[in-house]
2 protein chains.
Amino acid sequence: MDQIIAPVITVDQVDVGPLHGNLGFLLRMAQLQVYEDFYADLGEYGLKPGEFSVLTLIYKNPHIRQGVLARRLMIKRAHMTKLIRVFEDRGHVSRTIPDEDRRAVELELTADGLKFVETNWDRFYGHEKAQTPRLTPAEEKQMLGLLRKFVDLEQGDAQ
Amino acid sequence: MDQIIAPVITVDQVDVGPLHGNLGFLLRMAQLQVYEDFYADLGEYGLKPGEFSVLTLIYKNPHIRQGVLARRLMIKRAHMTKLIRVFEDRGHVSRTIPDEDRRAVELELTADGLKFVETNWDRFYGHEKAQTPRLTPAEEKQMLGLLRKFVDLEQGDAQ
DNA sequence: GTATATTTGTTTACATGGAAACATTACAAA
DNA sequence: TTTGTAATGTTTCCATGTAAACAAATATAC
């Protein structure tokens with residue numbers, strides 16, 4: 001007796017339903033894909049996106065306070081404490097408690113930290129170019145602009 | 001003797017440098033903001049974005065296999081195992097091992113799971129509307145289209 | 001001035017998610 | 001067949017990130 005077998009759904013047949021128009025879902029997927037590319041390229045150097053962002057902001061804003069850094073990168077203070085401790089242990093970042101406000105902590109790159117950032121700068125920020133072009137250059141520019149507006153980072157131009 | 005005090009950097013004065021044009025960074029920031037809104041609205045109901053996505057896909061694709069679901073949502077198989085176990089314990093999802101391939105697991109909503117999805121559908125997918133409009137409707141539509149193209153989900157229409 | 005509230009960073013305990021090794025089943029080669 | 005290889009899901013261990021309670025310093029109210 002023949003049996004009716006339900007067809008097996010393959011990945012590209014999956015009906016994502018309303019997720020098709022869901023911003024949170026699409027942002028998450030996009031981010032995962034970008035990170036995947038990132039690690040495929042740079043994983044071997046032990047560079048991580050979040051860590052390098054932190055160092056970049058300290059590099060660009062010496063004496064920035066830990067809480068300001070955390071808010072700007074949307075990293076929780078509790079987590080920032082741990083991140084900074086690692087950098088301090090590596091000798092890449094120094095912490096100073098300012099006299100004006102002895103609750104705060106001001107951050108600075110050490111000489112080693114500076115060297116690390118500068119030698120890895122291109123490897124890190126030149127990275128986007130290498131990717132498989134999922135969007136045309138015009139589309140990518142458009143998307144970056146929309147994202148900046150979305151996250152309220154429209155002011156000023158890039159480095 | 002007067003002392004020269006270095007000006008304290010505030011959040012909106014932070015120079016983000018090349019992160020200004022960095023896709024990974026902007027995507028991450030955008031995603032964090034969307035999730036923040038989401039939890040502000042729906043946190044009290046105990047709904048989580050990832051969980052509801054899983055249920056939605058099982059709802060829209062009954063008998064989908066666990067691995068297919070994982071790949072589509074870019075969730076690692078190891079993690080999917082844990083997610084599905086929770087749904088099973090809650091009585092929202094049932095697992096079946098098909099005869100055609102006894103390694104696989106096919107997923108289905110239980111009656112309770114179906115009820116849960118349907119009663120929470122609007123609360124979940126009607127959510128985007130309520131947000132502070134960071135983008136105009138036209139810009140939002142544009143962004144969704146670009147994101148879909150970016151993540152290769154262009155085919156088909158929503159819902 | 002003193003009391004209260006807020007800000008800043010840390011600690012601790014927990015939640016979320018991934019990597020690697022594994023067991024089982026299916027497939028391919030000979 | 002049987003022998004090796006790949007696919008599927010699970011387990012264990014670890015990394016990343018958050019929540020809540022806390023300590024210290026500052027700001028605010030009276």
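Protein chains get the first letters and strands the later ones, always in sequence-line order, with residue 1 at the start of each. Quantities reported herein were computed from a predicted structural model and do not represent experimental measurements.
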Measure OH/Tyr35(A) against P/dG17(C) and give the value in whole Å, please. 15 Å
Below 4.0 Å: OP1/OP2 of dT10(C) and any side-chain N or O of Arg95(A): yes
Atom CZ of Arg102(A) to atom C1' of dA27(D): distance rounded to whole Å? 17 Å
Just wondering, do Leu147(A) and Met143(B) contact through their side chains at under 4.5 Å, heavy atoms? yes
Can you check the Leu73(B) CG to dG17(C) C1' distance for me, whole Å? 14 Å
Arg134(A)/Asp37(A) salt bridge by N-O under 4.0 Å criterion: yes
Between CZ of Phe87(A) and C1' of dG9(C) the distance, given in whole Å, is 17 Å
For Asp101(B) and for Lys48(A), locate the closest nucleotide of DNA chain D by heavy-atom distance; then report the residue assigned to the nucleotide nearer the 5' terminus. Asp101(B)
Counting only side-chain N and O atoms of Arg85(B), is one of them less than 4.0 Å from OP1 or OP2 of dT11(D)? yes
Could you tell me how the ring of Trp121(B) sits relative to the ring of Tyr125(B): parallel (under 30°), tilted (30 to 60°) or perpendicular (over 60°)? tilted
Rounded to the Å, how far apart are Phe52(B) CZ and dT16(C) C1'? 20 Å
Which whole-number value in Å describes the distance from His79(A) NE2 to dT12(C) P? 17 Å
Regarding dT16(C), can its base be found pairing with the side chain of Lys76(B) as donor and acceptor, where the two atoms are less than 3.5 Å apart? no
Shared ILVMFWY cluster between Leu32(B) and Tyr39(B), side chains joined below 4.5 angstrom? yes
My understanding is that only one of Phe38(A), Phe116(A), Tyr59(A) makes a ring-ring contact (aromatic ring centres under 6.0 Å, His included) with Phe124(A); could you say which? Phe38(A)
Does any donor-acceptor pair link the side chain of Arg77(A) with the base of dG9(C) at a separation under 3.5 Å? yes
What's Ala104(B) touching, base or sugar-phosphate or nothing? Going by heavy atoms closer than 4.0 Å. sugar-phosphate
Rounded to whole angstrom units, what separation is found between the CZ atom of Arg103(B) and the P atom of dG9(D)? 9 Å
Could you give the CZ-to-P distance, from Arg28(A) to dT16(C), as a whole number of Å? 12 Å
From C-beta outward on Thr81(B), which listed nucleotide comes closest to its side chain: dA26(C), dT10(D), dG9(C)? dT10(D)
If you go through the side-chain atoms of Lys82(B), does one of them form a donor-acceptor pair with the base of dG18(C) closer than 3.5 Å? yes
